[in-house]
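What follows is one structure encoded as structure tokens, with my remarks underneath.
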Amino acid sequence: PGTTETQAVGSPNGRSIAWVEIGPAGAALHTATRFGEHDVSIPLEFPPFYLQWDPTSSKVLYLGNAGPTIALGVVDQAVVQPQDIAVGGGAPLYLSWSPDGTDILVHVGNAVLGTSDLVDPLDRIHRRPGVFQAPVWLPDGGLVYAISRGKGQALVVDHDGTIATLARFDGGVIFTVDPAGRRIAYRLDRPDGSQRGVFVRSIDGGRARRITRRETTTF
């Protein structure tokens, strides 16, 4: 009685499930097999509102409210011997795992982009972020994010510091990349909040194709 279970998320390999349990004793992260076996639990200092497995299905990242900011933590070896690692925080906070699950790409507020190995301080990317939310770490190691450029902004892909521009805009951008990391879909917004449309193009080049001009909430 008095216990709530939320945020159930399946692992990429399809073998495990992670979820949050909130009860009289506080919050805990649970993991178990998809059939409910090998249930392991680790107490947390705050109830998470977001969980995300790493690509190797061995770590679970969580976000939760901690006073005026958003706190970030990672549970390592989540399926076997879970270890809670406090990473940091900020608001708003968006992130993406590296393909091997060892690092995260972080976008904090309106001024910070960087990578973290979950132990050492953030390795800053010294470019001013544009108006966007979650960055993307591509399977080939490239990074996709938006930056301020002159009086406008640009959606770019960063391969070891070599920047290629995918689109230019002057309001904001929302984007997602296909699982293979070959194509990107993005919505361009004007400063007044109206939309230029949703586009799709190859990460490596080629012309963008407009999918729709209509107001689009999600895709």
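Here the structure is a predicted model, which means the values were calculated and not measured.
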Using the rule that two of Ile, Leu, Val, Met, Phe, Trp, Tyr join whenever any of their side-chain heavy atoms come within less than 4.5 Å, decide whether Val87 and Trp137 are in one cluster. no
Let me confirm one number: the CG-CD1 distance from Leu166 to Ile184, rounded to the nearest 0.5 Å. 5.5 Å
Answer yes or no: does atom CG of Asp100 have more than 12 heavy-atom neighbours from other residues, nucleotides or ligands under 6.0 Å? yes
Hey, quick one: are Ile125 and Ile104 part of the same hydrophobic cluster, counting side-chain heavy atoms closer than 4.5 Å, chains of contacts allowed? no
Around atom CZ of Arg209, are there more than 12 heavy atoms of other residues, nucleotides or ligands at under 6.0 Å? no
Is there a path from Val75 to Val9 through hydrophobic residues (I, L, V, M, F, W, Y) whose side chains come within less than 4.5 Å of each other? yes
Reported CG-to-CG distance for the pair Leu138 and Asp140, which is rounded to 0.5 angstrom: 5.5 Å
4.5 Å side-chain heavy-atom contact, Asp84 and Tyr62: yes
Assess the residue pair Val74 and Val60 against the criterion (side chain to side chain contact (heavy atoms under 4.5 Å, CB included)); give the C-alpha distance rounded to whole Å, side-chain angles, the decisive distance to 0.1 Å, and a yes or no. CA-CA 6 Å; Val74 171; Val60 179; over 6 Å; no
Rounded to the nearest 0.5 Å, what separates atom CG in Leu95 from atom CG in Asp103? 12.5 Å
Has the side chain of Thr216 got a donor or acceptor atom that lies under 3.5 Å from a matching backbone atom of Arg214? yes
Find out if a path of hydrophobic residues (ILVMFWY) with successive side-chain heavy-atom gaps under 4.5 Å connects Tyr94 to Leu155. no
Heavy-atom side-chain proximity of Leu72 to Leu93 below 4.5 angstrom: yes
Which heavy-atom pair separates Pro47 from Ile22 by the least distance, and what is that distance? CB-CD1, 3.6 Å
Run Ile174 and Leu188 through side chain to side chain contact (heavy atoms under 4.5 Å, CB included) and show every step you take. CA-CA 7 Å; Ile174 296 174; Leu188 299 179; over 6 Å; no
Go through the steps for Lys59 and Trp97 under the test side chain to side chain contact (heavy atoms under 4.5 Å, CB included), then give the verdict. CA-CA 10 Å; Lys59 303 182 183 74; Trp97 282 103; 3.8 Å; yes
Of all heavy-atom pairs between Leu122 and Gly114, which one has the smallest distance, and what is that distance? CD1-C, 3.7 Å
Testing the basics here: between Thr3 and Pro24, what is the closest heavy-atom pair and its distance to 0.1 Å? OG1-CD, 4.2 Å
Are Ile211 and Phe175 linked, directly or through other ILVMFWY residues, by side chains that come within less than 4.5 angstrom of each other? no
Quick one: closest heavy-atom pair of Tyr145 and Arg127, and the distance? OH-NH1, 3.4 Å
Looking only at non-hydrogen atoms, find the nearest pair between Pro48 and Val20 and report the distance. CD-CG1, 3.8 Å
Distance alone, cut at 3.5 Å: any donor-acceptor contact between the side chains of Thr115 and Arg124? no
For Arg190 and Ser194, does a side-chain donor sit closer than 3.5 Å to a side-chain acceptor? yes
Between atom CD of Gln195 and atom OG1 of Thr217, what is the distance when rounded to the nearest 0.5 Å? 7.5 Å
When the aromatic ring centroids of His107 and Phe132 are compared, is their separation below 6.0 Å? yes
Donor-acceptor contact present, side-chain Thr31 to main-chain Ala78, <3.5 Å: yes
Inspect the contact between Arg182 and Asp204 and indicate whether a charged nitrogen and a carboxylate oxygen are less than 4.0 angstrom apart. no
For Asp158 and Ile163, indicate whether the former's side chain and the latter's backbone hold a donor-acceptor pair under 3.5 Å. no
Can you confirm whether Glu45 is buried at CD, in the sense that more than 12 heavy atoms of other residues, nucleotides or ligands lie under 6.0 Å from that atom? no
Step by step, work out the side chain to side chain contact (heavy atoms under 4.5 Å, CB included) result for His30 and Asp39. CA-CA 7 Å; His30 284 254; Asp39 185 346; 2.9 Å; yes
Once rounded to the nearest 0.5 Å, what's the spacing between atom CD of Gln52 and atom OG of Ser11? 13.0 Å
Check for a donor-acceptor pair, side chain of Gln153 on one end and backbone N or O of Val131 on the other, with a separation under 3.5 Å. yes
Enter the distance from Leu63:CG to Phe46:CZ here, rounded to the nearest 0.5 Å. 8.0 Å
Any side-chain to backbone donor/acceptor pair from Trp53 onto Ser58? Under 3.5 Å, distance only. no
Side-chain heavy-atom pair Pro12, Ser57 within 4.5 angstrom cut-off: yes
Donor-acceptor check, side chain of Ser202 to backbone of Gly206, threshold 3.5 angstrom: yes or no? no
Output yes when a side-chain donor or acceptor of Ser116 lies under 3.5 Å from a complementary backbone atom of Leu118, and no otherwise. yes
Are the side chain of Arg210 and the backbone of Arg196 linked by a donor-acceptor contact shorter than 3.5 Å? yes
When you look at NE2 of His159, are more than 12 heavy atoms from neighbouring residues, nucleotides or ligands closer to it than 6.0 Å? yes
Do Leu29 and Leu51 make a side-chain contact, defined as non-hydrogen atoms from C-beta onward lying under 4.5 Å apart? yes
Trp19 versus Glu5: any side-chain heavy-atom pair under 4.5 Å? yes
Please work out whether the ring planes of Tyr186 and Phe199 are parallel, tilted or perpendicular, with thresholds of 30° and 60°. parallel
Could you pull out the closest heavy-atom pair between Ser96 and Pro135, with the gap in Å? CB-O, 3.3 Å
